[in-house]
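Residues take their numbers from the sequence shown, with the count starting at 1.
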Amino acid sequence: MKKIWKKVVAVSMAAVLMCGCGTGSGAQTGSQEEQGAVQGSQAEENAGGNSSDEAAMQYPEYLNLDSFRPIVKEGEEVTLRVLTMRESIANNDVKENWFVKFIEEKLNINLEIEEVNTSTYEERRNLMLASNDLPDIILNMHLSANDMVTYGMDGQQFLAMSDYISEELTPNLYKILSENEMAKAENTAPDGKMYTMPNISASFPGWGDTLGTQRVFIDTKYMEAAGIEKEPETLDEFVDMLRAFKALDPASMGVNEIWPMVSTWGNDKEFLQNAFGWITTDITDMTLPAWDVETEEIVIPCSQEKYRDYVTLLNTLYSEELIHPDFFTIDKTAARALYTEGAVPVLCDAAPYLSLPDRFDEFIAATPVSSQWCENGVTRKTPSYTLGTACISADTEYPEVCMRLLDYFYSDEGSVYRLYGCAEGSEDTMNMIEGFSLDENGVLVFGDVASGKYESDFDYWVNAIEISQTTPGDEGKMKLYSQKLAGVENPEYPGLDLTNPDDHYRSICYETQQGHLADGLPSMYLETDQAARYTDLKTVIKNYVDTETAKFVVGQRALEEFDTFFEELKNMGIEEYMEICKDSYADFTGVQK
């Protein structure tokens, strides 16, 4: 990515530089504006030479700034309410997970946790925001950049977290933001404040920005049965492969019916969209801005002439039963049940081992395919940073505790503990887990997985360790410091072990995606005066596009009526909508391939 919006970057730099030397306020009194003024004054005083001891006096007395153990001093009691979304395979009470107990016992913070899953989080999130009844910390509720504007900048429901960044209170975040300007910009609202913090990815083969976001895997058992010797390189070859799978005798494959391609979360749509040259910002929403790699411009896919061809392809796949009849509505549970049956030759999921832990190594990753609309197959490069997954209520009684806890997640130890737990033999196991160690090949091994207590590393992380499906932190630190905790004096990023299910999928994706990676668009932040009109237009346009696209795909509306479809979009204001979107990217100069 060459450049992001000049205005947002400039404002975010100024905001973080100002608050970086300051501290958060004590009790939550007065308005956000009044607090900001106080904090700005504190920043100037500290920049003028106040000692760290003097700066620390501005924090609550119960807060420990000398270390993270504990965050709240012994003898003091603080309880935080937390709302978190967990993976669909979660089958236990999150309050019994190791990391939750660790926070309570070692960091001295009591947690009242409400957990939701992928089928209930949206309703709970909307209710929370509409009622303005927010818990202290919100984890992994799929909040967008515009949510940060609506509920942070304008609504003041989210804490302006950047007002609390300092070397004393949040040393890890202070350093990360000073070293990752683009990550900072991605998470900065137009007012120059950050209402969430970036997640930082590791970057080495198979991790971070060395991978694309495509997740499509082909069962080699089906390839062999259909006489297909190598994965397709063009869209036409890919469709022909699906037809060959459908033509197989289901009984010979041990199933009642074959559904050639099924997705858990729209991964199939992304694969096909990429074949048309679109790098989309939301694979389920074709009314959002996308980058067209062929024309090298920002577009609204549903308004382009080739959207007709895209929908025609979906209609072909549907009518020939190459995709599932519940193409638009199937969820993870139903999709993975079909995977487990062996009825799906092409899995569009995060990784094969999530449903098929005993057969994960029988899959290859699909190569991003080319087409008449896209000369070279392409997939969106996974950013080395993402929009953060944590927000804090502006009304929390304990803003400093919340910020220091989040900062711990970004520390060496916290980055490891939030997902992996602790090392074998550590007192931190608290007799709850066996911990991790390194095998003779230098590969991290989790004792509770090796003993058979959990089916896979992923099962262990979800049902024994994590507080959330995605907990903010620094993935690079996690990879290196976990080795150090396991006894490696000079840790290095590990190689990929093809016998490990997680490493296997990363390896096959890495192998097929090199030479096909392209940056996507950064998050779109709308100015306040644009947001209302954008929302009005988008609501009408998206409802129409979603409804009519489904009709075209399933045959309820004739494809010959596409000219009428485009005319209706014009009548709904698609051109004005497009201008608003393009204006928000006025200083954006393009993506890198």
Looking only at heavy atoms, what is the nearest atom pair of [X] and [Y], with distance?
X      : Y      : answer
Ala290 : Pro301 : CB-CG, 3.7 Å
Pro472 : Leu406 : CG-CD2, 4.2 Å
Ala365 : Phe217 : CA-CD2, 4.0 Å
Phe245 : Pro345 : CD1-CB, 3.4 Å
Leu139 : Ser468 : CB-OG, 3.9 Å
Thr340 : Leu356 : CA-CD2, 3.8 Å

Between [X] and [Y], is any pair of side-chain heavy atoms under 4.5 Å apart?
X      : Y      : value
Arg359 : Asp219 : yes
Pro289 : Tyr585 : yes
Gln156 : Tyr195 : no
Asn463 : Glu87  : no
Ile392 : Phe158 : no
Phe562 : Phe552 : yes
Asn256 : Glu341 : no

How many angstroms lie between atom [atom1] of [X] and atom [atom2] of [Y], to the nearest 0.5 angstrom?
X      : Y      : atom1 : atom2 : value
Leu83  : Ile113 : CG    : CD1   : 10.5 Å
His516 : Asn376 : NE2   : CG    : 5.5 Å
Phe238 : Ile218 : CZ    : CD1   : 6.0 Å
Ile89  : Ser456 : CD1   : OG    : 6.0 Å
Leu313 : Thr316 : CG    : OG1   : 6.0 Å
Ser371 : Leu272 : OG    : CG    : 10.0 Å

Should the pair [X]-[Y] be classified as a salt bridge under the 4.0 Å nitrogen-to-oxygen rule?
X      : Y      : result
Lys538 : Asp285 : yes
Lys332 : Asp349 : no
Glu579 : Lys582 : no
Glu270 : Arg215 : no
Arg81  : Asp133 : yes
Lys221 : Glu224 : no
Arg533 : Glu576 : yes
Arg418 : Glu466 : no
Lys306 : Asp292 : yes

| request: Validate the cation-pi geometry between Lys269 and Phe327: distance from NZ or CZ to the six-membered ring centre under 6.0 Å, angle to the ring axis within 45°. | output: yes
- Can you list the steps and then say if Arg506 with Leu211 is a side-chain contact (heavy atoms from CB on, under 4.5 Å)? CA-CA 8 Å; Arg506 293 179 180 280; Leu211 289 182; 4.1 Å; yes
Q. Where does the angle between the aromatic ring planes of Phe276 and Trp278 fall among parallel (under 30°), tilted (30 to 60°) and perpendicular (over 60°)?
A. parallel
**Asked** Do the rings of Trp259 and His324 sit parallel, tilted or perpendicular, given the 30° and 60° boundaries?
**Response** tilted
- Go through Gln214 and Asn267 one step at a time and tell me if the side-chain hydrogen bond (donor to acceptor under 3.5 Å, both in side chains) criterion holds. CA-CA 7 Å; Gln214 279 187 16; Asn267 311 79; over 6 Å; no
key: Phe566 vs Tyr307, ring pair (Phe, Tyr, Trp, His ring centres under 6.0 Å): CA-CA, chis, key distance, verdict   = CA-CA 10 Å; Phe566 286 135; Tyr307 189 70; 7.4 Å; no
Using salt bridge (Lys or Arg N to Asp or Glu O under 4.0 Å), reason through Lys246 and Glu320 one step at a time and then give a plain yes or no.
CA-CA 9 Å; Lys246 188 66 179 179; Glu320 295 184 22; over 6 Å; no
Side chain to side chain contact (heavy atoms under 4.5 Å, CB included) test vs Tyr121 passes for just one of Gln469, Glu115, Arg86, Met85, namely Met85
Paired with Asn187, the side chain to side chain contact (heavy atoms under 4.5 Å, CB included) test is passed by just one of Met197, Met161, Met194, namely Met194
### Side chain Thr512, main chain Cys509, donor-acceptor under 3.5 Å
yes
Has [X] got more than 12 heavy atoms of other residues, nucleotides or ligands less than 6.0 Å from its [atom1]?
X      : atom1 : value
Glu375 : CD    : no
Glu231 : CD    : yes
Glu511 : CD    : no

Can you check side-chain contact (heavy atoms from CB on, under 4.5 Å) on Ile138 and Thr84, steps first, answer last? CA-CA 6 Å; Ile138 305 155; Thr84 182; over 6 Å; no
Checklist entry - Can you list the steps and then say if Gln513 with Thr379 is a side-chain hydrogen bond (donor to acceptor under 3.5 Å, both in side chains)? => result CA-CA 7 Å; Gln513 292 173 354; Thr379 176; 4.8 Å; no
Task: side-chain hydrogen bond (donor to acceptor under 3.5 Å, both in side chains) evaluation trace for Asp209 with Ser203 - done: CA-CA 6 Å; Asp209 58 6; Ser203 181; 2.5 Å; yes
task: Take Cys302 and Val545 through the side-chain contact (heavy atoms from CB on, under 4.5 Å) test and state the conclusion after the steps.
output: CA-CA 7 Å; Cys302 68; Val545 169; 3.8 Å; yes
key: Donor-acceptor pair between Glu362 and Thr220 side chains, under 3.5 angstrom   = no
- Query: So, Phe363 versus Tyr505, ring centres under 6.0 angstrom or not?
  - Reply: no
